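Only a predicted model underlies this, so the values are computations on that prediction, with no experimental measurement involved.
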Amino acid sequence: MTTKVLSVGGSIIAPDTPDTEFLSAFTRMTTEWLMQNPDARLIFVAGGGAPAREYQNAYRAVAENFSGPQKDAASFPSEDDENRACDWIGIMTTRLNAQLLKTCYGPLCAQDVVTDPTQVTDFTGRVLVAAGWKPGFSTDNDAVLLAERFNADTVVNLSNIEKVYTDDPRRNPDARPLDTISWADFRKIVGDEWVPGKNCPFDPIASRKAQELGLTVICAGGKNIENIRAILNGKDYTGTTIR
């Protein structure tokens, strides 16, 4: 049985509100693909995306109100406490997105949403949907752990960017899109530290684990349905391959 893992960004599932046009097209295409490939199964890991960052920023704004001489120092959240709280806010957003994605597949997804990739032992349907687990990393790392658990050699990371760039193109006009990149060079771009809400192509903790496992990660645009189909079919695609 072939297993493919797709990390689906929350900004793709629900950029502001749930994107029903995308969800309809995505579930239709992947269901057709499963019918055409009876020996295959799919794992989807839902991210939090922009909605998670909005809630995290709201918490940070409220937390700032605890500062100042009129507040007792003991009541002010430490940086570690604030990061942990933001991680949990992001995790809860991923779980809402994952539950929505699961319901779109009906009987093809027979199991509950996975919230701990280290504890799942069975894969009884054709589709398995997972969400955030615990603080310290994003759902990219959950996707890597599920790939390890179910012997998938590739994780497809779907987001609102089509390729990885040498730098942030919004800040650096000389940034170049990449077709391929090594894990060593990619990790120089994303660094080694995870910060809740960090906006990067693939999170640093997941990148380190993927490199250790020898996984391939494909970063591609999540709204290009035919491009995703090409990736699933092993055909030419637009995106960045990290290996």
Side-chain angles (χ1 to χ4, degrees), residues 1-13 40-49 52 87 90-91 94 97-98 101 114-121 123 128-168 177-222 227-228 230-232 234 237-243:
M1 181 70 75
T2 300
T3 303
K4 295 182 180 289
V5 180
L6 288 79
S7 181
V8 188
S11 58
I12 304 299
I13 298 171
R41 56 190 183 178
L42 296 172
I43 297 175
F44 301 115
V45 184
D87 257 338
I91 287 166
T94 72
N97 287 338
L101 193 58
V114 173
T115 56
D116 183 346
T118 67
Q119 295 300 311
V120 59
T121 56
F123 191 156
L128 187 67
V129 176
W133 173 23
K134 64 180 182 178
F137 42 77
S138 78
T139 50
D140 293 341
N141 196 58
D142 300 316
V144 170
L145 294 174
L146 286 165
E148 179 184 26
R149 171 65 187 84
F150 291 106
N151 300 314
D153 59 7
T154 301
V155 172
V156 182
N157 189 52
L158 303 175
S159 69
N160 54 7
I161 62 169
E162 288 194 342
K163 290 187 178 184
V164 172
Y165 281 71
T166 53
D167 197 1
D168 189 339
L178 300 167
D179 292 326
T180 61
I181 187 172
S182 69
W183 277 117
D185 288 339
F186 180 79
R187 291 184 61 197
K188 290 177 184 176
I189 295 174
V190 299
D192 295 316
E193 183 180 1
W194 166 248
V195 178
K198 184 172 183 174
N199 195 0
C200 57
F202 205 69
D203 100 47
I205 309 304
S207 297
R208 182 172 65 235
K209 182 66 173 178
Q211 183 180 25
E212 291 172 359
L213 294 173
L215 280 179
T216 295
V217 169
I218 297 170
C219 294
N227 192 56
I228 300 170
I231 294 172
L232 291 174
Y237 58 86
T238 299
T240 300
T241 303
I242 313 169
R243 58 165 59 98

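- Residues Phe186 and Phe202 keep their aromatic ring centres 6.0 Å or farther apart.
- Checked by atom type and distance alone, the side chain of Asp140 never pairs as donor or acceptor with a backbone atom of Ala206 at under 3.5 Å.
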Checking Arg41 against Phe150 for the side-chain contact (heavy atoms from CB on, under 4.5 Å) test, could you report, in this order, the C-alpha distance in whole Å, the side-chain angles of both residues, the deciding distance, and whether it holds? CA-CA 10 Å; Arg41 56 190 183 178; Phe150 291 106; 3.7 Å; yes

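- Rounded to the nearest 0.5 Å, atoms CH2 (Trp133) and CG (Asp116) are 5.0 Å apart.
- Between the side chains of Trp194 and Asp87, a donor-acceptor pair is found at a separation under 3.5 Å.
- When side chains are defined from C-beta on, Pro201 counts as touching Val190, because their heavy atoms get closer than 4.5 Å.
- Atom CD of Glu162 has 12 or fewer heavy atoms from other residues, nucleotides or ligands within 6.0 Å.
- The two residues Asn97 and Gly47 make their nearest non-hydrogen contact at ND2-O, 2.8 Å.
- Taking all atoms of both residues into account, the shortest heavy-atom contact from Gly221 to Leu158 is O-CD2, 4.2 Å.
- Atom CG of Leu146 and atom CD of Glu148 lie 10.0 Å apart (nearest 0.5 Å).
- Of the candidates Ile242, Asn157, Ile231, Ile218 forms a side-chain contact (heavy atoms from CB on, under 4.5 Å) with just one, namely Ile231.
- Taking 4.5 Å as the limit, every side-chain heavy atom of Leu232 sits out of range of all side-chain heavy atoms of Val156.
- Here the straight-line distance linking atom NZ of Lys163 with atom CG of Leu178 works out to 8.5 Å at 0.5 Å rounding.
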Taking it one step at a time, do Thr3 and Asn151 satisfy side-chain contact (heavy atoms from CB on, under 4.5 Å)? CA-CA 7 Å; Thr3 303; Asn151 300 314; over 6 Å; no

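- The structure places CZ of Arg149 at 10.5 Å from CG of Leu128, a figure rounded to the nearest 0.5 Å.
- Pairing each heavy atom of Asp203 with each of Ser138, the nearest pair is OD2-OG, 2.6 Å.
- Taken to the nearest 0.5 Å, the OG1 atom of Thr241 stands 11.0 Å off from the CD1 atom of Ile181.
- Using a 4.5 Å heavy-atom cutoff, the side chains of Arg187 and Asp192 are in contact.
- The side-chain heavy atoms of Phe137 and Asp142, taken from C-beta on, include a pair separated by under 4.5 Å.
- Inter-residue side-chain proximity for Val217 and Trp183 is flagged as met; some heavy-atom pair is nearer than 4.5 Å.
- In this structure, CD1 in Ile228 is found 7.0 Å from CG in Leu6, a value given to the nearest 0.5 Å.
- In this structure the side chain of Thr240 never reaches within 4.5 angstrom of the side chain of Pro177, judged on heavy atoms.
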